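Heads up: the structure comes next, in structure tokens.
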Amino acid sequence: MEERKEEGRSLNFIEEIIDNDLKAGKYTSILTRFPPEPNGYLHMGHASSICLNFGVAQKFGGKTNLRFDDTNPETEDTEYVESIKEDIRWLGFTWANEFYASDYFDKLYEFAVQLIKQGDAYVDDLTADEIAEQKGTPTEAGKNSSFRDRTVEENLDLFARMKNGEFEEGKKTLRAKIDMASPNMLLRDPLLYRIKFVHHHRTGDIWCIYPMYDFAHGQSDSIEHITHSICTLEFVPHRALYDWCIEKLGIYPSHQYEFARLNVNYTVMSKRKLLQLVNEKHVTGWDDPRMPTISGMRRRGFTASAIREFCDRAGIARREKINDISLLEFCVREELNKISLRRMVVFDPLKVVITNFKEDIFVDIENNPEDENAGMRSVPFSKEIYIEREDFLETPQKKAFRLAYGQSVRLKGAYIITCNEVVKDIEGNVIEVHCTYHPDSKSGQDTSGIKVHGTLHWVSILHAKQVEIREYDRLFKVENPNNEEGDFKEYINDDSLHVIPNAYAEPALADDKAGEHFQFLRKGYFFMDKDSGGDQLIFNKTVGLKEGFVKKDGGLVTEKVK
RNA sequence: UGACCUAUGGUGUAACUGGCAACACGUCUGAUUUUGGUUCAGAAGAGUUCAGGUUCGACCCCUGAUAGGUCAACCA
């Protein structure tokens with residue numbers, strides 16, 4: 001109990017169970033497992049499970065197996081196996097063993113035979129519809145199958161012939177003989193094996209019967225001697241069956257514990273729904289930067305440690321919850337602020353002519369004010385520069401954070417300039433702004449005594465590199481698309497992608513290496529997209545800077561209002 | 001009209017297992033700042049779903065409600 005305080009953060013309920021088990025001497029070391037089905041890409045929810053399973057093992061000096069739950073060959077594929085392994089590695093975890101439920105198909109078959117011999121399982125000839133019909137309802141008991149009392153010999157023979165492919169799909173199943181009147185529907189003679197003449201991505205065509213989840217999972221845990229088998233809440237009713245199998249088989253008693261899955265608002269977190277978004281082209285793929293998949297977040301520029309931190313802060317509990325996306329964004333900013341290189345990029349250019357500046361020079365600007373070791377870079381500065389159009393205000397305001405006629409601002413790392421001429425076209429649009437600079441105001445050696453409120457980012461027109469910027473908004477218009485009326489896809493935010501094909505970047509950006517995280521000054525954090533190539537540089541906006549001022553409708557910038 | 005799970009500020013998680021509710025995000029002030037970022041200082045915000053009970057004392061134990069969720073796939 002003393003440890004709790006030293007650790008600074010209290011144990012979650014799973015850790016508490018493990019802590020107690022270890023202290024009670026129930027185990028000398030623990031073994032957990034992360035058991036994805038290879039039928040889709042991993043998402044934030046899986047990240048939470050990964051952090052829990054691997055994290056808890058690390059914390060208590062144990063290990064974690066990676067086990068693919070590949071008992072349904074219809075939806076599974078090696079493509080997913082590879083992506084899952086890549087994602088786990090990227091998140092920073094290493095598994096002790098790589099296993100597959102399909103590694104145990106022989107053993108599982110023997111277990112089934114054992115149950116038959118004990119009179120705990122039988123071959124049923126009923127169709128899926130008939131079984132469903134006889135299952136009863138939650139408030140009504142089910143009926144026994146007319147095949148429930150077949151002899152052991154007959155069951156043994158039939159099951160062997162199922163395995164040998166003598167029966168068509170759907171004609172026979174193996175069922176556990178438990179209790180058709182159980183209040184727990186899972187215990188009403190659940191299916192253990194079904195016939196599927198489907199090619200399996202690992203075992204090929206050698207099997208035509210495949211075990212159901214409930215007959216594979218617990219036994220796989222047991223075979224590997226998993227001590228703590230951690231899964232999500234929807235498996236709570238399965239625990240009785242999990243324990244039943246282990247008890248009847250008399251095998252190593254792994255134990256199942258359940259926690260509430262992680263949810264995040266303004267997105268969906270189920271493989272089925274994510275698959276729809278991909279298939280129906282609402283996004284460009286599993287790794288679309290708007291997706292809550294690990295690959296999507298990686299492409300967007302989230303870091304593995306920020307995701308781990310988020311999972312840690314979101315916590316583990318048994319009540320269903322929806323986490324605020326702002327916590328994830330906080331974790332991302334917290335890290336990126338420390339490690340990202342600062343660069344200047346103008347998204348929506350407005351030409352500024354510094355009328356009294358004649359030469360081309362270089363100014364040195366720090367790469368990262370949060371990190372002295374990041375060094376400086378030379379940025380070309382000249383008579384004609386771009387600033388952000390929204391940084392010029394036609395009607396000046398009291399606290400001038402931006403440039404306006406007759407007002408002054410500092411250009412980051414360079415000089416203070418004062419606007420003294422605004423050039424407009426016939427329609428009255430501002431097309432360029434003329435300023436004068438103050439020669440004694442150079443950054444770092446300013447003796448001008450001029451005080452300005454605002455500092456702007458800028459880029460020398462002559463030296464600017466064109467880059468593409470992709471900005472992302474939340475994928476859904478509502479906090480919880482699952483809770484709304486009708487199809488969740490009706491709530492998709494149609495405006496979640498905003499592309500700026502021609503932004504102007506300082507030249508250093510073209511020389512930076514891929515994989516680097518950037519902060520574009522006053523714009524947010526950015527990460528180079530994999531679509532970049534040759535001369536074309538494309539950057540994804542990872543997350544914006546925290547905004548301390550309010551933008552009113554129509555994009556008008558106003559002073560902060562109460 | 002069943003069984004099981006859950007209920008703490010806007011959000012998420014705690015409360016040393018019974019000693020007058022803490023932390024983080026978010027929000028709001030103010031200071032600093034060559035990023036309206038960062039950093040720093042501070043504030044507001046729940047009396048723990050409700051009703052009883054046990055107890056000197058209950059977020060915690062008991063009883064009963066209420067609300068939400070899960071379960072009737074040859075999916076996992």
Side-chain angles (χ1 to χ4, degrees), chain A residues 1-5 8-12 35-37 39 69-72 74-76 124 126-128 131-133 135-142 169-170 172-175 182-188 191-196 210 212-214 216-217 231 233-240 258 260 265 271-272 313-331 333-334 337-338 342 344 365-366 369-370 399 401-402 409-414 416 443-444 446 452-457 519-524 544-550 557 559-560 562:
Chain A
M1 293 300 128
E2 306 259 318
E3 295 166 24
R4 303 180 131 230
K5 288 188 176 170
R9 205 171 286 183
S10 50
L11 301 178
N12 65 47
E37 182 186 11
N39 66 347
D69 229 331
D70 55 351
T71 56
N72 182 7
E74 265 167 308
T75 56
E76 296 155 6
D124 200 344
L126 259 30
T127 64
I131 288 177
E133 205 184 306
K135 199 125 200 170
T137 68
T139 54
E140 250 175 274
E169 278 186 25
K172 282 186 167 44
T173 56
L174 184 73
R175 292 232 258 166
S182 171
N184 181 347
M185 300 292 290
L186 262 324
L187 260 25
R188 319 246 266 224
L191 258 59
L192 268 22
Y193 267 93
R194 75 290 213 191
I195 299 170
K196 271 184 198 284
Y210 292 95
M212 299 288 290
Y213 166 84
D214 285 304
H217 202 96
C231 61
L233 245 27
E234 63 266 32
F235 292 100
V236 169
H238 293 250
R239 192 174 59 231
E258 312 87 11
N265 57 185
K271 272 190 212 167
R272 204 191 97 243
R313 285 175 183 253
I316 297 296
R318 253 175 101 76
R319 73 181 109 163
E320 291 173 37
K321 33 96 189 278
I322 299 179
N323 278 277
D324 206 312
I325 186 71
S326 65
L327 180 61
L328 209 206
E329 292 177 346
F330 165 81
C331 294
R333 283 194 197 101
E334 187 185 41
N337 178 51
K338 291 187 198 127
R342 314 294 135 127
M344 295 194 289
I365 306 180
E366 70 274 13
E370 304 295 316
K399 268 200 164 187
F401 281 104
R402 304 181 182 209
V409 292
R410 172 172 294 282
L411 295 172
K412 172 70 185 177
I416 291 174
S443 184
D446 184 355
V452 292
H453 280 295
T455 300
L456 306 185
H457 62 284
Q519 185 197 103
F520 293 169
L521 243 52
R522 307 208 298 136
K523 284 298 186 182
L545 258 19
K546 191 177 169 189
E547 292 190 60
F549 65 102
V550 224
V557 180
E559 290 302 321
K560 198 192 277 185
K562 184 80 205 307

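The structure presented is a predicted model; accordingly, all values stated were derived computationally and were not measured. Here is the naming used below: chain letters follow the sequence lines, and residue numbers restart at 1 for every chain.
Residue A:S182 is out of contact with every strand shown, counting any heavy-atom pair closer than 4.0 Å. Within 4.0 Å (heavy atoms only), A:H457 reaches no atom of the nucleic acid at all. The residue A:I365 sits apart from the nucleic acid: no heavy atom pair falls under 4.0 Å. Heavy atoms of A:Y213 sit under 4.0 angstrom from at least one base atom. Counting non-hydrogen atoms under 4.0 angstrom, A:G142 reaches nothing in the nucleic acid. Residue contacts for A:Y193: at a heavy-atom cut-off of 4.0 Å it reaches no nucleic acid atom on any strand shown. The residue A:L174 sits apart from the nucleic acid: no heavy atom pair falls under 4.0 Å. Base engagement by A:G413 is indicated by at least one non-hydrogen atom pair under 4.0 Å involving a base atom.
Proximity of A:R342 to A:P369: side-chain heavy atoms (C-beta onward) are separated by under 4.5 Å at one or more points. Under the 4.5 Å side-chain criterion, counting only non-hydrogen atoms from C-beta, A:L192 is not in contact with A:D214. Counting heavy atoms from C-beta outward, A:D69 and A:E76 have side chains that stay 4.5 Å or more apart. Between A:T455 and A:R522 the shortest side-chain heavy-atom distance does not fall below 4.5 Å. Under the 4.5 Å side-chain criterion, counting only non-hydrogen atoms from C-beta, A:V236 is in contact with A:R318. By the 4.5 Å heavy-atom criterion applied to side chains, A:K523 and A:H457 are counted as neighbours. At a threshold of 4.5 Å between non-hydrogen side-chain atoms, the residues A:Y213 and A:E37 do not count as touching.
One interatomic measurement links the two molecules: CZ of A:R188 to P of B:A73, which rounds to 11 Å at whole-angstrom precision. Taking atom CG of residue A:N265 and atom P of nucleotide B:C25, one finds them 17 Å apart after rounding to whole Å. Rounded to whole Å, atom C1' of B:U35 lies 13 Å from atom CD of A:E547. Taking atom CD of residue A:E234 and atom C1' of nucleotide B:C71, one finds them 11 Å apart after rounding to whole Å. One atom, CD1 of A:I131, and another, C1' of B:A72, lie 13 Å apart when rounded to the nearest Å. Between A:K412 atom NZ and B:U35 atom P the separation is 5 Å, expressed in whole Å. Here B:C71 presents its P atom at 16 Å from CG of A:L187, a figure rounded to the nearest Å. For A:E258 and B:C71, the CD to P distance is 14 Å, given to the nearest whole Å.
For the P atoms, the distance linking B:C40 with B:G47 amounts to 31 Å, nearest Å. Only the P atoms considered, B:U55 is 36 Å distant from B:G45, to the nearest whole Å. For the C1' atoms, the distance from B:U17 to B:C59 is 12 Å, rounded to whole Å. With both ends at atom P, the span from B:U49 to B:A14 equals 15 Å, rounded to whole Å. B:A51 and B:A44 have their C1' atoms separated by 31 Å, with the value rounded to a whole Å. The P atoms of B:G18 and B:C56 are separated by 16 Å, rounded to the nearest whole Å. For the C1' atoms, the distance linking B:C5 with B:G9 amounts to 25 Å, nearest Å. Across B:A15 and B:A24, the matching C1' atoms stand 15 Å from one another, rounded to whole Å.
On a pure distance criterion of 3.5 Å, a polar donor-acceptor pair joins the side chain of A:S443 and the base of B:U34. Looking at A:E329, its side chain has no donor and acceptor atom pair within 3.5 Å of the base of B:G26.
Across every strand in view, B:C59 sits unpaired, with no contact that passes the Watson-Crick or G-U test at under 3.5 angstrom. Remark: B:G2 base-pairs with B:C71; criterion is Watson-Crick or G-U wobble with both hydrogen-bond distances under 3.5 Å. Pairing partner, B:U29: B:A41, with both Watson-Crick or wobble hydrogen-bond distances short of 3.5 Å. For B:U34, there is no paired nucleotide, since no Watson-Crick or G-U wobble pair has both relevant distances below 3.5 Å. The partner of B:C16 cannot be assigned: no Watson-Crick or G-U wobble pair with both contacts below 3.5 Å exists in any strand.
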Stepwise side-chain contact (heavy atoms from CB on, under 4.5 Å) test for A:N39 and A:N72
CA-CA 9 Å; A:N39 66 347; A:N72 182 7; over 6 Å; no
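Across B:A14, B:A76, B:G37, the shortest atom-to-atom separation from the side chain of A:N337 is found for B:G37. If you check B:A76, B:G36, B:C71 against the side chain of A:R402, the one that comes closest is B:G36. With distances taken from any side-chain atom of A:F330 to the nucleotides B:G26, B:G37, B:U35, the minimum falls on B:G26. Out of B:C75, B:U35, B:G26, the shortest distance to the side chain of A:P369 is found at B:U35. Listed nucleotides B:C74, B:U35, B:A76 differ in distance to A:E37; the shortest reach to its side chain belongs to B:A76.
Here B:G10 is in the anti range [glycosidic angle more than 90° from 0]. Nucleotide B:U17 carries a syn base; the chi torsion (O4'-C1'-N9-C4 or O4'-C1'-N1-C2) is within 90° of 0.
Residue A:K196 places at least one side-chain N or O under 4.0 Å from the OP1 or OP2 atom of B:C75. One finds no side-chain N or O of A:T139 lying less than 4.0 angstrom from the OP1 or OP2 phosphate oxygen of B:A3.
Closest approach of A:A314 to A:N323, counting heavy atoms only: CB-OD1, 3.6 Å. When all heavy atoms of A:E320 and A:L233 are compared, the pair lying nearest together is CG-CD2, 4.0 Å.
In terms of modelled atom types and a separation under 3.5 Å, the side chain of A:S182 and the main chain of A:N184 share a donor-acceptor contact. In this structure a side-chain-to-backbone donor-acceptor pair under 3.5 Å is present from A:R188 to A:T137. In this structure, the side chain of A:R333 engages the main chain of A:G544 through a donor-acceptor pair within 3.5 Å.
Taking for each of A:E366 and A:N72 the nucleotide of RNA chain B with the nearest heavy atom, the 5'-most of the two is the partner of A:E366. Residue order along RNA chain B, read from the 5' end via each residue's closest nucleotide, puts A:P183 first among A:H217 and A:P183.
With sequence neighbours excluded, the residues that form a salt bridge (Lys or Arg N to Asp or Glu O under 4.0 Å) with A:E366 are A:K412.
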For nucleotides 6-12 of chain B, read 5' to 3', which letter fits each nucleotide if B means a protein heavy atom sits under 4.0 Å from the base, S means only the sugar-phosphate is that close, and - means neither?
SSB--SS
Are any protein N/O atoms closer than 3.5 Å to N/O atoms in nucleotides 40-42 of chain B? If there are, list each pair with its distance.
none

